[in-house]
**Student:** 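I'd like to ask some things about the structure below.
Every chain is numbered from 1 and lettered A, B, ... according to where its sequence line falls, protein lines coming before strand lines.
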Number of protein chains: 2
Amino acid sequence: MITRNPSLTEQVMANIKERIADDGFEDGRIPPETELANDLGVSRTTIRDALSRLEHEGRIYRRQGAGTFVNEQGLQIRSRLEEIWSYEQVLEDHGYTPSVRVLAETTVTPDPETVKALLLDDDDTVLMLEKLFLEDEEPVILTINLIPSKIFTDTDDTEAEMPPVYEFLERHANRTLSYYLSEIIPVALDKKLAAKLGVAPGTLAISFDEIGFDQNNEPVVRATSYFRDDLLRFRLMRRRAGA
Amino acid sequence: MITRNPSLTEQVMANIKERIADDGFEDGRIPPETELANDLGVSRTTIRDALSRLEHEGRIYRRQGAGTFVNEQGLQIRSRLEEIWSYEQVLEDHGYTPSVRVLAETTVTPDPETVKALLLDDDDTVLMLEKLFLEDEEPVILTINLIPSKIFTDTDDTEAEMPPVYEFLERHANRTLSYYLSEIIPVALDKKLAAKLGVAPGTLAISFDEIGFDQNNEPVVRATSYFRDDLLRFRLMRRRAGA
DNA sequence: AAGTGGTCTAGACCACTAT
DNA sequence: TAGTGGTCTAGACCACTTC
């Protein structure tokens with residue numbers, strides 16, 4: 001039941017992205033907003049919507065009075081940390097062709113911290129989903145997801161392919177993942193984790209501890225993830241707040 | 001030469017933020033957009049602008065057809081990683097009253113990586129600015145800034161107080177810092193760094209390696225920063241791209 | 001002075017939620 | 001079915017850059 005004819009704004013974004021990729025703008029200069037509006041047959045407001053979002057994505061920059069330009073610097077970023085939505089996608093952005101291996105899929109009793117984070121009752125259980133993302137048999141990312149058992153709408157959850165968590169939640173719990181609150185933690189991998197990620201114990205890594213919220217702002221998943229620092233570096237764009 | 005009468009959108013944002021802080025919305029429900037527009041005497045477009053930005057900041061969330069609500073979860077975040085602009089502010093957000101100590105302020109020959117990052121010529125030098133941010137004599141953040149000597153417009157750069165880098169650049173180089181491209185790296189602090197941060201050698205920390213760009217999208221500063229993981233944790237909000 | 005992006009308005013219509 | 005947020009339009013005026 002996907003209802004999704006792309007909005008005009010999204011079509012404009014796609015159009016401009018293409019022209020950027022094809023190097024279709026002379027000197028990296030993007031035409032004036034009024035010209036784009038005329039050419040594409042939409043209002044200037046719609047054009048500005050699209051440009052604002054492209055600017056926020058780091059693909060262009062604008063200077064009042066001067067013009068709008070392609071941001072060559074921003075194009076360097078492959079995965080913008082704050083816009084990651086699936087690790088498969090992250091690996092693809094890095095030029096990999098990822099595979100996923102499910103290491104565990106069992107129902108367990110949650111630890112106190114998870115109980116608190118997911119607003120569980122004392123006798124609630126959670127589904128633990130441990131997944132390893134690999135590139136050509138080389139482990140890159142390890143994630144452990146904890147999802148309250150009680151939110152599942154079907155009991156038959158055996159799937160041949162394991163989809164990304166947000167898709168899993170839509171299919172089996174009828175929840176739409178809206179955003180994650182994430183904490184970034186530096187760790188030295190212990191024996192077990194190091195073995196799973198195929199590195200020496202004590203290797204440094206970035207770890208995420210995060211909680212995912214659904215469309216009603218209710219916590220639906222707690223995730224812990226570990227990343228091979230030698231294979232995957234996160235980048236982000238820091239801006240002035242409110243800009 | 002600050003020209004800054006707050007826009008209507010910003011005034012609306014401030015107004016709603018206040019009412020959120022004062023718990024002035026019953027059941028966390030924010031009035032309909034048309035009502036806000038009437039009450040505040042601005043167009044609905046302006047209201048929507050303000051609400052969009054508040055939503056992006058994680059302070060509210062919206063559900064089509066249902067309404068707009070205060071996001072209690074988002075209020076928990078003290079410093080949103082992607083919106084950090086000065087470390088003084090970060091520490092203040094954490095309830096600290098920070099002080100800054102300048103450890104070094106000298107002109108040096110840059111390493112090859114910095115030359116490349118800042119698009120320097122072979123004989124260019126950079127100003128190295130090493131600063132320590134403390135809370136009550138306890139070191140929390142160490143930053144090393146490298147700024148091309150050639151961009152300074154004045155030679156007299158002795159100041160009693162050391163301002164944040166973006167202010168320093170505005171004053172002495174007439175450049176407006178627009179954004180940083182940052183890379184997040186896990187590190188074990190070596191002897192020297194550990195000593196400066198007042199922890200044991202080998203202590204784990206998050207490190208940023210970043211390049212700051214000005215209003216013309218030219219690189220103007222390279223910064224390396226280290227954070228006491230036991231005193232300061234970075235959080236961020238991850239969303240679906242384009243949302 | 002001309003041209004660009006930045007802000008704001010007033011209004012139309014659509015998609016979705018609640019009841 | 002009424003009410004909410006989501007998208008889009010056409011146009012006005014302002015702030016800034018460029019020449």
Side-chain angles (χ1 to χ4, degrees), chain A residues 1-16 25-56 60-71 174-176 178 214-217 240 242-243, chain B residues 1-14 16 25 27-56 60-71 174-176 178 214-217 240 242-243:
Chain A
M1 66 158 217
I2 296 171
T3 62
R4 188 83 212 203
N5 85 324
S7 67
L8 285 182
T9 300
E10 281 166 337
Q11 291 179 54
V12 171
M13 285 177 72
N15 179 297
I16 295 173
F25 294 118
E26 222 152 303
D27 297 324
R29 187 184 187 86
I30 291 170
E33 297 175 347
T34 47
E35 193 180 320
L36 286 174
N38 280 331
D39 289 358
L40 299 178
V42 298
S43 74
R44 189 181 157 216
T45 309
T46 301
I47 294 291
R48 280 186 60 74
D49 248 21
L51 291 179
S52 293
R53 287 166 62 172
L54 289 173
E55 183 180 31
H56 204 83
I60 65 172
Y61 65 99
R62 305 199 268 186
R63 286 173 46 210
Q64 184 173 12
T68 303
F69 309 87
V70 176
N71 185 351
N174 201 26
R175 309 278 188 132
T176 304
S178 168
D214 71 4
Q215 73 274 23
N216 291 323
N217 212 39
R240 225 178 205 110
Chain B
M1 69 161 218
I2 296 172
T3 62
R4 198 65 224 200
N5 84 327
S7 66
L8 285 183
T9 301
E10 280 164 339
Q11 291 179 53
V12 171
M13 285 177 71
I16 295 174
F25 295 118
D27 296 324
R29 187 185 187 86
I30 291 169
E33 298 176 346
T34 47
E35 192 180 320
L36 286 174
N38 280 331
D39 289 357
L40 299 177
V42 298
S43 73
R44 187 180 158 217
T45 310
T46 300
I47 294 291
R48 280 186 61 73
D49 248 20
L51 291 179
S52 293
R53 287 166 62 173
L54 289 173
E55 183 179 31
H56 204 84
I60 64 173
Y61 64 98
R62 305 199 268 186
R63 287 172 46 210
Q64 184 174 12
T68 303
F69 309 86
V70 176
N71 185 352
N174 200 28
R175 308 278 187 134
T176 303
S178 168
D214 72 3
Q215 72 273 23
N216 292 322
N217 212 39
R240 224 177 205 110

**Student:** Using the salt bridge (charged side-chain N to carboxylate O under 4.0 Å, His left out) criterion, which residues pair with A/D49? Sequence neighbours excluded.
**Tutor:** none
**Student:** A/N216 versus B/R63: any side-chain heavy-atom pair under 4.5 Å?
**Tutor:** yes
**Student:** For A/E55 and C/dG6, give me the distance from atom CD to atom C1', rounded to whole Å.
**Tutor:** 11 Å
**Student:** In Å, rounded to the nearest 0.5 Å, how long is the span from OG1 of A/T68 to CG of A/L54?
**Tutor:** 10.0 Å
**Student:** For A/E33 and C/dG3, give me the distance from atom CD to atom P, rounded to whole Å.
**Tutor:** 16 Å
**Student:** Could you tell me how far apart A/E35 (CD) and C/dG3 (P) are, to the nearest whole angstrom?
**Tutor:** 12 Å
**Student:** If you look at every strand shown and take non-hydrogen atoms under 4.0 Å, does B/T68 touch a base, only sugar-phosphate, or nothing?
**Tutor:** sugar-phosphate
**Student:** Given atom CG of B/L36 and atom P of D/dG5, what is their separation to the nearest angstrom?
**Tutor:** 8 Å
**Student:** With a 4.5 Å heavy-atom cut-off, do B/L36 and B/I30 have their side chains touching?
**Tutor:** yes
**Student:** N/O contacts under 3.5 Å, protein versus nucleotides 7-11 of chain C?
**Tutor:**
{"unit_1": "C/dC8", "atom_1": "OP1", "unit_2": "B/L8", "atom_2": "N", "d": "2.4"}
{"unit_1": "C/dC8", "atom_1": "OP2", "unit_2": "B/T9", "atom_2": "N", "d": "3.4"}
{"unit_1": "C/dC8", "atom_1": "OP2", "unit_2": "B/T9", "atom_2": "OG1", "d": "2.9"}
{"unit_1": "C/dT9", "atom_1": "OP2", "unit_2": "B/S43", "atom_2": "N", "d": "2.9"}
{"unit_1": "C/dT9", "atom_1": "OP2", "unit_2": "B/S43", "atom_2": "OG", "d": "2.7"}
{"unit_1": "C/dT9", "atom_1": "OP2", "unit_2": "B/T46", "atom_2": "OG1", "d": "2.4"}
{"unit_1": "C/dA10", "atom_1": "N6", "unit_2": "B/T45", "atom_2": "OG1", "d": "3.4"}

**Student:** Expressed in angstrom and rounded to an integer, what is the separation of A/I30 atom CD1 from C/dG3 atom C1'?
**Tutor:** 17 Å
**Student:** Give the rounded distance in Å between these two atoms: CG of B/D214 and P of D/dT17.
**Tutor:** 13 Å
**Student:** Can you name the atoms? Protein N/O to nucleotides 17-19 of chain C N/O, anything below 3.5 Å, with the distance.
**Tutor:**
{"unit_1": "C/dA18", "atom_1": "OP1", "unit_2": "B/R63", "atom_2": "NH2", "d": "2.8"}

**Student:** Sequence neighbours excluded, which residues qualify as side-chain contact (heavy atoms from CB on, under 4.5 Å) partners of A/E33?
**Tutor:** A/R44, A/I47, A/R48, A/L51, A/R62
**Student:** Nearest 0.5 Å, what's the OG1-CG distance between B/T176 and B/D214?
**Tutor:** 7.5 Å
**Student:** Are the side chains of B/N38 and B/E35 in touch, meaning some heavy atoms are under 4.5 Å apart?
**Tutor:** no
**Student:** List the residues meeting side chain to side chain donor-acceptor pair (under 3.5 Å) with A/S43, not counting sequence neighbours, and say none if there are none.
**Tutor:** A/T46
**Student:** Residues two or more places apart in sequence or in another chain: which of them pass side-chain contact (heavy atoms from CB on, under 4.5 Å) with A/Q64?
**Tutor:** none
**Student:** Whole angstroms only, please: what is the CZ-P distance between A/R29 and C/dT4?
**Tutor:** 7 Å
